[in-house]
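For clarity, every value in this text was computed on a predicted model and none was experimentally measured.
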Amino acid sequence: MASCNILCSVKPQIDSFKKSCFSQSWSNRPHGLSFFNKNFQFRRSSFVIVKASDSRTSKKQVEITYNPEEKFNKLADEVDREAGLSRLTLFSPCKINVFLRITSKRDDGYHDLASLFHVISLGDKIKFSLSPSKSKDRLSTNVAGVPLDESNLIIKALNLYRKKTGTDNYFWIHLDKKVPTGAGLGGGSSNAATTLWAANQFSGCVATEKELQEWSGEIGSDIPFFFSHGAAYCTGRGEVVQDIPSPIPFDIPMVLIKPQQACSTAEVYKRFQLDLSSKVDPLSLLEKISTSGISQDVCVNDLEPPAFEVLPSLKRLKQRVIAAGRGQYDAVFMSGSGSTIVGVGSPDPPQFVYDDEEYKDVFLSEASFITRPANEWYVEPVSGSNIGDQTEFSTSFDMS
């Protein structure tokens, strides 16, 4: 009498769908196809063998080997090909200049600089949706005063991407703005870099990160920095970016204090006097930070004197933060061309900022240093209480 034995060899293995160029797995996409729940993960059997044999003769009559993994991979490939990205939400972090040296005046009217740029955890969120229009992008935001036309760096970045790649995607974009403008934090530059990254995802990553970085310098000097991994030694106008390992521990907190008044970058540079600026070698500053950490003497910003001329109250704010801090800050300095004062070493502002009427409308935020993994965009720490803890912010994907 023939008997049938079913032998199953199962190797429990949790595996996500093949990663596309987004570098996010399907299991992490909160708005995936209806039959893919974000919490559901597949356990694959490496093989299933079905045997039929004759019990009297012990002769094998039939042997069928079935490998579901191969079929599963084909299904994943088919889904990857047919499902298109329709919505995407990305974190758009800002930066600070840990030091900023102005080294020379250029023939084209710009200045050469040498600076340690570092991304921090304060940032905007930008929501991108594919538009049915093939002629116009639509931008909205949660704050007044932000231009929504082609003067905005987000729209400039989309126009640049289409020009360079020949793609024809247009978008509805909503900017949830948290980074103040006119702050010296590079919020607009970050928005532009984030937009270039997003446009490339929608187009199937037709451009490399290096190409995005090079193109971005055409619309802003600070934009290429954001295509570093988060810490970079920048020279030229700021567009020459040397990616470096972060020389600063992520668990060092900081506080950002920005008065309502902004500093005009053009006006600050107009008042800058090269012969009165610091003469310290910027590479020596970088080396000292790498070996000994942040201290007041290494956080040099050559734009502070002209910025303090433009906005004398900013100089007074910095002096008061240093005095009131009583050693709680490792360094207090202005970022970029102002008007944000950064206190590194504590997330707490001094008490006078709360008590004095003069500072009732200042912008306050705690922050920490962050970086990004290769081939992924920046993610936002879950909450301010997790300073320095680079916990994951889920990038939102919608597949339709």
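With Cys205 as the fixed residue, the side chain to side chain contact (heavy atoms under 4.5 Å, CB included) test singles out one of Asn375, Asn200, Leu212: Asn200.
Hydrophobic clustering places Tyr269 together with Leu311 (ILVMFWY residues linked when any side-chain heavy atoms are closer than 4.5 Å, directly or through intermediates). Val240 and Ile223 are not part of a single hydrophobic cluster, where members link through side-chain heavy atoms under 4.5 Å apart. Trp197 and Ile219 fall within the same hydrophobic cluster, defined by Ile, Leu, Val, Met, Phe, Trp and Tyr side-chain heavy atoms under 4.5 Å apart, directly or through other members. Under the 4.5 Å side-chain contact rule for hydrophobic residues, Val146 and Trp172 do not share a cluster. Residue Val280 is grouped with residue Val98 when hydrophobic side chains (ILVMFWY) are merged at heavy-atom distances under 4.5 angstrom, including chains of intermediate members.
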message = As a quick check of understanding, evaluate side chain to side chain contact (heavy atoms under 4.5 Å, CB included) for Phe226 and Thr194, giving each step before the final call.
response = CA-CA 8 Å; Phe226 289 96; Thr194 304; over 6 Å; no

inquiry  = Please evaluate residues Arg101 and Ser278 with respect to the criterion side chain to side chain contact (heavy atoms under 4.5 Å, CB included), reporting the C-alpha separation (whole Å), side-chain torsions for both, the decisive distance (0.1 Å), and the verdict.
reply    = CA-CA 7 Å; Arg101 285 288 339 279; Ser278 169; 3.9 Å; yes

key: Derivation and outcome, salt bridge (charged side-chain N to carboxylate O under 4.0 Å, His left out), residues Lys164 and Glu211   = CA-CA 10 Å; Lys164 294 292 187 180; Glu211 287 174 324; over 6 Å; no

task = Assess whether side chain to side chain contact (heavy atoms under 4.5 Å, CB included) is satisfied between Tyr359 and Arg320, documenting all intermediate values.
result = CA-CA 12 Å; Tyr359 300 109; Arg320 292 194 65 181; 3.6 Å; yes

request  = Apply side chain to side chain contact (heavy atoms under 4.5 Å, CB included) to Leu100 and Leu113, showing your working.
outcome  = CA-CA 7 Å; Leu100 175 56; Leu113 58 83; 4.1 Å; yes

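A cation-pi arrangement, defined by a distance under 6.0 Å to the six-membered ring centre and an angle within 45 degrees of its axis, is absent between Lys258 and Phe363. Taking the ring centre of Tyr170 as origin, the terminal cationic atom of Arg162 falls inside the region bounded by 6.0 Å and 45° from the ring axis.
Within the 3.5 Å criterion, the main-chain N or O of Gly345 finds no donor-acceptor partner in the side chain of Gln328. Of the possible polar contacts, none joining the Gln261 side chain to the Pro259 backbone as a donor-acceptor pair under 3.5 Å is found. With hydrogens and angles ignored, the 3.5 Å screen pairs a side-chain donor or acceptor of Ser190 with a backbone N or O of Pro93. Without hydrogens or angle criteria, Thr340 side chain to Ala183 main chain gives a donor-acceptor distance under 3.5 Å. Between the Tyr161 side chain and the Ala198 main chain, no donor and acceptor come within less than 3.5 Å of each other. Side-chain atoms of Arg372 come within 3.5 Å of backbone N or O of Phe227 as a donor-acceptor pair. With hydrogens and angles disregarded, no donor-acceptor distance shorter than 3.5 Å links the side chain of Asp356 to the backbone of Glu358. The backbone N or O of Ser104 lies less than 3.5 Å from no partner atom in the side chain of Asp112, so there is not a single donor-acceptor pair. Panel note: side chain Asp302, backbone Ile102; a donor-acceptor pair is recorded below 3.5 Å. No donor-acceptor pair closer than 3.5 Å links the side chain of Asp243 to the backbone N or O of Ser228.
Across every non-hydrogen atom of Val241 and Ala232, the tightest pair is CG1-CB, 3.6 Å. Annotation for Ala114 and Thr103: closest pair CB-CG2, 4.3 Å, computed over non-hydrogen atoms. Ser121 and Ala367 make their closest contact through OG-CA, 3.4 Å (heavy atoms, listed as atom of the first residue, atom of the second, distance). Considering every non-hydrogen atom in both Thr265 and Ser337, the closest pair reads OG1-OG, 2.9 Å. Of all the heavy atoms in Ala157 and Leu196, the pair that sits closest is O-CD2, 3.4 Å. Counting all heavy atoms, side chain and backbone alike, Ala324 lies closest to Pro350 at CB-CB, 3.7 Å.
Enclosure of atom NZ in Lys360 is not indicated, since only 12 or fewer non-hydrogen atoms of other residues, nucleotides or ligands lie within 6.0 angstrom. When the shell of 6.0 Å around CD of Glu287 is examined, it contains 12 or fewer heavy atoms from other residues, nucleotides or ligands. Atom CZ of Arg106 has more than 12 neighbouring heavy atoms from other residues, nucleotides or ligands inside a 6.0 Å radius. Other residues, nucleotides and ligands place no more than 12 heavy atoms under 6.0 Å from the CG atom of Asp107. Sparse packing is recorded around CD of Glu150, with 12 or fewer heavy atoms of other residues, nucleotides or ligands lying under 6.0 Å away. Environment of NZ in Lys134: crowded, with over 12 heavy atoms of neighbouring residues, nucleotides or ligands closer than 6.0 Å. At most 12 heavy atoms of other shown residues, nucleotides or ligands fall within 6.0 angstrom of atom OH in Tyr110.
Atoms OH and OG, from Tyr233 and Ser290 in turn, are 11.5 Å apart once rounded to the nearest 0.5 Å. To the nearest 0.5 Å, the span separating CG on Leu90 from CD1 on Ile126 amounts to 7.5 Å. The CG atom of Leu116 sits 5.0 Å away from atom CD1 of Ile289, with the distance rounded to the nearest 0.5 Å. Distance check, rounded to the nearest 0.5 Å: CG of Leu274 to NZ of Lys279 gives 6.5 Å. Interatomic distance, Ser277 OG to Asn301 CG, rounded to the nearest 0.5 Å: 11.0 Å. For the atom pair OG1 of Thr165 and CG of Leu160, the computed distance is 9.0 Å after rounding to the nearest 0.5 Å.
Two residues are said to be in side-chain contact when any heavy atoms from C-beta on lie closer than 4.5 Å; Phe333 and Val300 fail this criterion. Between Thr195 and Phe128, some side-chain heavy-atom pair lies under the 4.5 Å cut-off. When side chains are defined from C-beta on, Tyr329 does not count as touching Val342, because their heavy atoms never get closer than 4.5 Å. Residues His118 and Ser246 meet the side-chain proximity criterion, which asks for heavy atoms closer than 4.5 Å. Side-chain contact between Lys178 and Asp124: present, with at least one pair of heavy atoms (C-beta onward) separated by less than 4.5 Å. Contact of the Phe369 side chain with the Ile294 side chain is registered, since non-hydrogen atoms from C-beta on lie closer than 4.5 Å. Residues Ser131 and Arg138 form no side-chain contact, since every pair of their non-hydrogen atoms from C-beta on lies 4.5 Å or further apart. By the 4.5 Å heavy-atom criterion applied to side chains, Arg316 and Ser313 are counted as neighbours.
Side-chain atoms of Asn191 and Ser92 form a donor-acceptor pair, as typed in the model, at a separation below 3.5 Å. Side chains of Thr167 and Asn169: no donor on one and acceptor on the other come within 3.5 Å.
Partners of Phe171 under the ring pair (Phe, Tyr, Trp, His ring centres under 6.0 Å) rule, at least two apart in sequence or in another chain, are Phe202.
Glu304 has a carboxylate O that lies under 4.0 Å from a charged side-chain N of Lys318, or vice versa, which qualifies the two as a salt bridge.
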